[in-house]
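A quick write-up on the structure given underneath.
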Protein chains: 2
Amino acid sequence: MTDHERESGFTRGDLARATGCNIETIRYYEKTGVLPDPPRTDAGYRIYSAAHATRLRFILRARELGFSMEDIRGLMGLEDGAAPTCAEVKERTERHLAEVRAKIADLRRIEAVLAATALRCSGAEVPDCPVLDAISGS
Amino acid sequence: MTDHERESGFTRGDLARATGCNIETIRYYEKTGVLPDPPRTDAGYRIYSAAHATRLRFILRARELGFSMEDIRGLMGLEDGAAPTCAEVKERTERHLAEVRAKIADLRRIEAVLAATALRCSGAEVPDCPVLDAISGS
DNA sequence: CTTGAGCCTGTAGTTACTACAGACCTTACA
DNA sequence: TGTAAGGTCTGTAGTAACTACAGGCTCAAG
């Protein structure tokens with residue numbers, strides 16, 4: 001990579017370090033279309049700009065919030081080409097929020113059962129276990 | 001399947017219906033070793049017994065509680081061949097419980113962020129959205 | 001000029017299933 | 001006895017969202 005080429009951007013490794021994203025994941029995002037194909041050097045090296053970094057940080061943050069890649073495509077307006085309206089974003093967010101709440105409710109039920117059964121467990125070095133009985137008989 | 005063969009057990013479809021398990025999943029569990037290979041009719045049809053049903057219900061219930069297949073193998077004593085002691089089960093249960101609680105904490109953080117950003121959203125038919133800004137800038 | 005690091009590609013592995021295709025078997029009914 | 005519908009058999013491929021290689025270039029530093 002020449003100085004001229006490098007001037008205007010960073011490499012994939014640079015982008016990975018700058019965002020905390022796994023270097024292979026960047027390529028994966030490119031392949032699946034959520035990150036645009038960057039220009040290349042003569043040798044074929046990707047050249048990323050600040051805009052790519054911004055986009056990648058958006059994706060990573062949305063993933064942290066549990067949005068699916070499909071959701072993220074929608075949030076970025078990659079499904080119909082146009083930027084989504086505030087209403088569309090809100091709808092998607094609320095749908096996702098409902099899923100998150102449902103998941104929390106599931107996990108709380110699980111937590112209650114696990115905590116209760118673990119309490120019943122003696123922790124002795126014996127093969128007979130009330131936890132296994134609880135799993136079997138419910 | 002002759003009357004004699006059928007007498008002693010049920011088919012894969014019967015087992016699926018009796019347990020609520022997907023019929024293909026039964027074969028998958030057999031392939032991965034958590035469900036023992038059942039005897040077969042002369043034509044190669046699987047013949048399941050009540051013991052298989054009990055085992056399958058245990059697996060399904062443990063899955064409902066969020067245990068991984070590896071955990072389940074451990075709970076059933078398929079890792080070292082011997083039935084696990086109560087202490088081993090307790091340890092596995094508490095490790096899993098800790099993961100469940102960590103996941104709940106994650107999801108609650110996510111829930112808080114989503115709920116807060118969704119509130120800020122006007123829901124108007126405009127392309128400018130505070131939710132997207134929130135994802136971008138945090 | 002060499003050495004080591006970084007980048008390139010394509011592909012395979014992960015978890016826990018789920019869904020076929022194409023062949024075979026069984027059952028019910030005429 | 002014939003046949004049509006439905007069940008079962010096998011192997012394989014697909015799912016989400018990555019992650020990790022192998023084998024080959026390229027680049028930067030000494």
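Only heavy atoms go into these numbers, but all of them, side chains included; no hydrogens, no water, no symmetry mates. Letters A, B, ... are given to chains in the order of the sequence lines, protein chains preceding strands, and every chain is numbered from 1. Worth saying up front: this structure is predicted, and the values here are computed from it rather than measured.
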Original post:
When the distance from CZ of Arg46(B) to P of dC24(C) is rounded to whole Å, what number comes out?
Top reply: 17 Å

Original post:
Is the closest side-chain heavy-atom distance between Arg57(B) and Ile135(A) below 4.5 Å?
Top reply: no

Original post:
Does any residue of residues 95-110 of chain B have a heavy atom under 4.0 Å from DNA chain C, and if so, which ones, in number order?
Top reply: none

Original post:
For Thr32(A), which contact category applies under a 4.0 Å heavy-atom criterion: base, sugar-phosphate, or nothing?
Top reply: nothing

Original post:
Given that Arg12(A) and Met69(B) both sit by DNA chain C, which one's nearest nucleotide is further toward the 5' end?
Top reply: Arg12(A)

Original post:
Does some side-chain heavy atom of Cys86(A) sit less than 4.5 Å from a side-chain heavy atom of Val89(A)?
Top reply: no

Subject >> Side-chain N or O of Arg63(A) closer than 4.0 Å to phosphate OP1/OP2 of dC18(D) >> reply: yes

Original post:
Of all of residues 16-31 of chain B, which get a heavy atom below 4.0 angstrom from DNA chain C, listed by number?
Top reply: Asn22(B), Glu24(B), Thr25(B), Arg27(B), Tyr28(B), Tyr29(B)

**OP:** Report the distance from atom CG of Asp37(B) to atom C1' of dT10(D), rounded to the nearest whole Å.
**Re:** 14 Å

Original post:
Who passes ring-ring contact (aromatic ring centres under 6.0 Å, His included) against Tyr29(B), sequence neighbours left out?
Top reply: none

Subject >> Whole angstrom value for the distance that separates P of dA16(C) from CG of Leu56(B) >> reply: 16 Å

Subject >> Nearest-0.5 Å distance that lies between atom CG in Leu35(A) and atom CZ in Arg46(A) >> reply: 10.0 Å

Original post:
Whole Å only: how far is the CD1 atom of Ile47(B) from the P atom of dC25(C)?
Top reply: 15 Å

Original post:
How long is the line joining OH of Tyr45(A) and P of dG24(D), in whole Å?
Top reply: 16 Å

**OP:** Just do the side-chain hydrogen bond (donor to acceptor under 3.5 Å, both in side chains) check on Asp133(B) and Ser136(B) with the steps written out, would you?
**Re:** CA-CA 5 Å; Asp133(B) 297 345; Ser136(B) 297; 5.4 Å; no

**OP:** For Ala53(A) and Thr19(A), work out which heavy atoms get closest and say how close.
**Re:** O-CG2, 4.3 Å

**OP:** Measure from CD on Glu70(B) to C1' on dT15(C) and round the result to the nearest Å.
**Re:** 11 Å

Subject >> Distance, rounded to the nearest Å, where Leu35(B) contributes CG and dA16(C) contributes P >> reply: 16 Å

Original post:
Minimum heavy-atom separation for Val34(B) to Ile59(B), with atom names?
Top reply: O-CD1, 3.6 Å

Original post:
dT26(D) P sits how many Å from Asp42(A) CG, rounded?
Top reply: 11 Å

Original post:
If you count the non-hydrogen atoms of other residues, nucleotides and ligands that lie under 6.0 Å from CD in Glu70(B), is the total more than 12?
Top reply: no

Subject >> Full working for side-chain contact (heavy atoms from CB on, under 4.5 Å) between Phe67(A) and Thr93(A) >> reply: CA-CA 9 Å; Phe67(A) 284 105; Thr93(A) 302; 4.2 Å; yes

